[in-house]
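What you see below is based on every heavy atom in this structure, not just the backbone, and it leaves out hydrogens, waters and symmetry mates. Everything quoted here is computed from the prediction, not taken from an experiment.
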Amino acid sequence: MQEWKPQMPYMEQFPVAMAYVPWQKNCNMNENLDEAYQTGTIFPELNKPFTGRRIK
């Protein structure tokens with residue numbers, strides 16, 4: 001069996017990433033299914049449209 005070697009030699013200097021995903025609370029649901037389909041979610045709190053810049 002061959003020993004695994006990273007394709008990019010500098011990858012070993014970076015730590016493994018850890019993600020944090022907060023618990024979603026029971027919240028309001030969008031009753032208008034057409035609007036929910038257009039925004040991509042039935043939860044208004046999760047409607048975060050991309051504006052092309054950072055949110056402050």
First locate atom CG of N47, then atom CG of N30, and finally report the distance between them rounded to the nearest 0.5 Å.
8.5 Å
Report the hydrophobic cluster partners of L46, with the cluster defined as I, L, V, M, F, W, Y residues connected by side-chain heavy atoms closer than 4.5 angstrom, directly or transitively.
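L46 clusters with M29, I42, F43.
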Please write out which residues are connected to L33 in a hydrophobic cluster, directly or through intermediates, given that two of Ile, Leu, Val, Met, Phe, Trp, Tyr count as joined at side-chain heavy-atom separations below 4.5 angstrom.
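For L33, no cluster forms, as it stays isolated from other hydrophobic side chains.
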N28: side-chain contact (heavy atoms from CB on, under 4.5 Å) partners, not counting sequence neighbours
E45
